[in-house]
Every structure is written in structure tokens, then in C-alpha cells.
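I have placed the structure first, in the form of C-alpha cells, so that the comments after it can refer back to it.
No experiment lies behind these values; they were computed from the predicted model shown. All chains are named by letter (A, B, ...) in the order of the sequence lines, taking the proteins before the strands, and each is independently numbered beginning at 1.
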Protein chains: 2
Amino acid sequence: MWQLYQFSLCPFSRKVRLVLGEKGVAHELVREYPWERRDEFIDLNPAGETPVLVDSEAGTTLIGSQPICEYFDETNAKMPMIHGDAALRAEIRRLTQWFDEKLFREVVEPLMHERMRKRLVSNASPDTRVLREAMRIGNGHLDYMDFLLDHRRWLAGAGLSLADFTAAAHLSVIDYLGALDWRGHKQTKDWYAVMKSRPAFRPLLGERMEVIVPPSHYDKVDF
Amino acid sequence: MWQLYQFSLCPFSRKVRLVLGEKGVAHELVREYPWERRDEFIDLNPAGETPVLVDSEAGTTLIGSQPICEYFDETNAKMPMIHGDAALRAEIRRLTQWFDEKLFREVVEPLMHERMRKRLVSNASPDTRVLREAMRIGNGHLDYMDFLLDHRRWLAGAGLSLADFTAAAHLSVIDYLGALDWRGHKQTKDWYAVMKSRPAFRPLLGERMEVIVPPSHYDKVDF
């Protein structure tokens, strides 16, 4: 049985959980807060970051959301995540990287720092200037997703792909932290409602992280 | 014919150039400084980052070093870059991401900012505190590579892979900027000497970026 080292508000863990759920891969969750830097976890992943997926019987350790998703897309044919011809696969990987790097660095990471880590580690107040700037840039990302969805059925093209699950994972963390403003973003809101209603998404939306409460619309498909 | 939008000291462009060279993919170089934010370039890649690879006759645009490398590994069998069973492929991708994200963010990016962008954009002096800290962390990365090469022939295992070319691309930029100190890192130094002597690496090492001069050992295989 796979064990997934993760924590509830880690967008990269959420991305892997969505993919494992869609592909029907059984796994147990192990809660890991990377900022605690547990020795046993650093031994598993010297980068000290979630997610890590371990099958101790088989002696397999998979590290990082993209290597894990590529692994299961290569070994499990259910719900292909990176599909189509080589050019479409490049577009799926481009957008996946866009959300994992650009959206994460510009929006998700500062929000997690201000609204989650400060609360958990030092009980300090968030810096409202940083929050406002992250929300302003987040709005630009929603504009870009609207633009994509004006031209395509799903984010990377005609088929549902890893780009959609990756974007939904990051947006769900932004939403949990109360920083998503859907006004003026009907296309992306409609797309996100469809993503939220997928069975693999439901367990994620039902979880709560200690001391941090999401807005009331967070887990509703009709929001 | 492919056109590669890149600049000489971009480590991600170097990674792609090494892979195209190893695989024998003909391409032209187009110099692009992403910080100039040319409208035509932003139209190609809304993230505004190099590298971008365009085949205008075929109407194909590939964006980002990892999607480009995966594309050619899927479509060109010469010198496989991500090879072996699914677990080894995950390890190759883990290390590739380690160098592209962790080594880049902690070492290469601050060095490029202090020693290249400040010089080109504002002619300001580098912040020696930032340089020292980047070199200190870079030394830790060399320790980790020594550890890997103590146990393995190449960085990800028994075979030369994308992890090696990615690491070499980033190290070559650090070296150009005069911030590599090989003392105490014999394993990685020997490995880098082998990487430098590959024919695909030679053209890169012969290039010079305007106004920034590398140390005299930079292009020598025996350094």
C-alpha cells in the first residue's frame, strides 16, 4: 500500500491526491508538516518538501508532484493525464508548470505563508499588503484561465488533463484561505464547479486544517 | 527549422541546447533577453521566460525547458534522456527538478541577478552579502552531488540522463559568473570534466556574453 506524506493545504499534495483518486490508486495519508523538518522525513526527501509517496514493501520512494504524476501516467492507463500527440503533451506540461511554479510562487506561497504558516508557527498576524498583492496577481491568473477557456473546452485543449487538476489543486488552496474573488470570471468559475463535483475532489473539500477555517462556500459545488 | 529563443547565460536555455545537441536536432539561436519584455516574445510565451522553441512552418511552439526536453525524448530516440523503468524515470525527474528549482532559486538566480542583470540593466554593483550566501548554499549543493556520485556512476543512477545535463547547465552558469569553488568536491569536479568534454557542450563554453567575462578556467576541460 502506498503511503502519501502530505498536509491538507499543500497544493502539490492535492494535485497528487486528485491524480491518485482519478486513477483509483489506493493509498494512506500520513500528515507531514515540512516546516517541522523531521529527521525521518528529511531522510526520505532531502529537499524536505511534500508530497512523498512510499511503498515500503516494494522499496519504492517517489518524490515531488510532477515525478509522481508522470510515474502513474506511465504505469496506470485509467484517466490519462498527459495525453494526445507530442505537441499537446508539451502544452499540458507547460500549463502544469505555469500553475506549479508561477501561480504558486506569485499567489499560493505568499498566501500560505501569511494565512497558514504565520498562524501555525508564530501566531503572528498576516501582512495585509502582501495579501492584497497576492490577490491582485491571482486575479490576473484568473483572467488568463478565462482566456484559455474562451478558446478551449479544458485548460490545455479538448480533453481534461493534468493541467486542469493542477490548476484546481492550487485554486482550492487559495479558496480555502479566503482569497478567491470570482467576480468577472464566469468561465473559470463554471470550470471550477465541474472540477469540484468530481468524486476525487470531494474528500479534499471535506477536510479541515486545524485552527484555519475556510469560507462557507469553500466546499460547495454551487458557490 | 527550429528557432530557439534563448540567451547565453540562461541555464534553462543551456539545458535545452545540450539536449538538442545530444539528439542532433538542428536549430537556430535567437537571442532573447526576457527582462526586455518584447511584445512579440510575450505573445509567444505569456510567462515571458526563455527558452521557447518555434517551428513556424509546422506551426509548433514549445515553451519551457522541461516540456521541450520531454517532447524531444518522446519523439527522438537518439541519446534517451529519461530512461529506464518507471521508478528510475521518477528519480531522473526528481533530480532534474531539484536542479531546475532548488539549485536555481537558491544559487543560480541570485548570482544572475547580482552579477549579470544588475550589470546589464542598471550597471549597479553586486551585493556581496547575497553573493556569499549563494556561494555558501552552492557549496552544499556540490556536497549533495558528491554524495550521489559516491554511490552512482551518474547523478540519477547507472546511466547518463537529463539529470546530468540539467545539473551541468546550471553549474556552467555558476562557473561563468565566477562562483564555483571546487575545493573538496573531487567527485563532482571529475564528473563535470566529463560533461564539459562532450561535443554538445563545447559550443556553449565558447560563447561570451557581452560585458561579462568568465574566469579563465571556465571553458577548459582540464580545470
Side-chain angles (χ1 to χ4, degrees), chain A residues 12 16 42-49 51-55 58-76 82-106 109 140-141 143-145 147-148 156 162-163, chain B residues 12 16 42-49 51-55 58-76 82-106 109 140-141 143-145 147-148 156 162-163:
Chain A
F12 304 103
V16 166
I42 303 295
D43 286 345
L44 276 180
N45 179 10
E49 290 165 2
V52 175
L53 191 63
V54 177
D55 181 344
T60 306
T61 301
L62 306 174
I63 294 170
S65 76
Q66 194 61 19
I68 293 173
C69 293
E70 298 265 3
Y71 177 96
F72 285 99
D73 221 39
E74 289 176 355
T75 57
N76 180 316
I82 303 170
H83 48 67
D85 64 13
L88 177 56
R89 294 163 64 86
E91 177 67 356
I92 293 169
R93 289 192 178 101
R94 172 183 82 86
L95 284 168
T96 298
Q97 189 163 9
W98 174 288
F99 299 119
D100 277 344
E101 293 187 10
K102 198 171 169 63
L103 177 62
F104 176 71
R105 187 179 64 238
E106 295 175 348
E109 189 172 41
H141 279 276
D143 284 340
Y144 184 52
M145 295 175 68
F147 164 78
L148 292 172
L162 186 60
Chain B
F12 304 102
V16 166
I42 303 294
D43 287 346
L44 276 180
N45 178 10
E49 290 165 3
V52 174
L53 190 63
V54 176
D55 180 344
T60 306
T61 301
L62 305 175
I63 295 170
S65 76
Q66 193 60 20
I68 293 172
C69 292
E70 298 266 3
Y71 177 96
F72 285 99
D73 221 38
E74 290 175 354
T75 56
N76 180 316
I82 302 170
H83 49 67
D85 64 14
L88 177 57
R89 293 163 65 85
E91 177 65 358
I92 293 169
R93 289 192 177 102
R94 172 184 82 87
L95 285 169
T96 298
Q97 190 163 5
W98 174 289
F99 300 118
D100 277 344
E101 292 187 10
K102 196 168 170 63
L103 178 63
F104 176 71
R105 188 180 63 237
E106 295 176 348
E109 189 172 44
H141 278 276
D143 285 340
Y144 184 53
M145 295 175 69
F147 163 78
L148 293 171
L162 186 60

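A distance of 7.0 Å separates CD of B:Q97 from CD of A:Q66, quoted to the nearest 0.5 Å. Expressed to the nearest 0.5 Å, how far CD1 of B:I63 lies from CD of A:E91 amounts to 6.5 Å. Rounding to the nearest 0.5 Å places CD of A:E101 at 7.5 Å from CD of B:E49.
Contacts between A:Y144 and chain B at a heavy-atom distance below 4.5 Å involve the side chain alone, from C-beta outward. Contacts between A:L62 and chain B at a heavy-atom distance below 4.5 Å involve the side chain alone, from C-beta outward.
Each of B:A90, B:A87, B:P67 has some count of heavy-atom pairs under 4.5 Å with chain A, and the biggest count is that of B:P67. When the candidates B:R93, B:R94, B:K102 are compared by the number of heavy-atom contacts under 4.5 Å with chain A, B:R93 comes out ahead.
For B:F12, the ring-ring contact (aromatic ring centres under 6.0 Å, His included) criterion is met by B:F104, B:H170, not counting sequence neighbours. Qualifying side chain to side chain contact (heavy atoms under 4.5 Å, CB included) partners for A:I42, counting only residues two or more places apart in sequence or in other chains: A:R37.
In this structure the side chain of B:W98 reaches within 4.5 angstrom of the side chain of A:P46, judged on heavy atoms.
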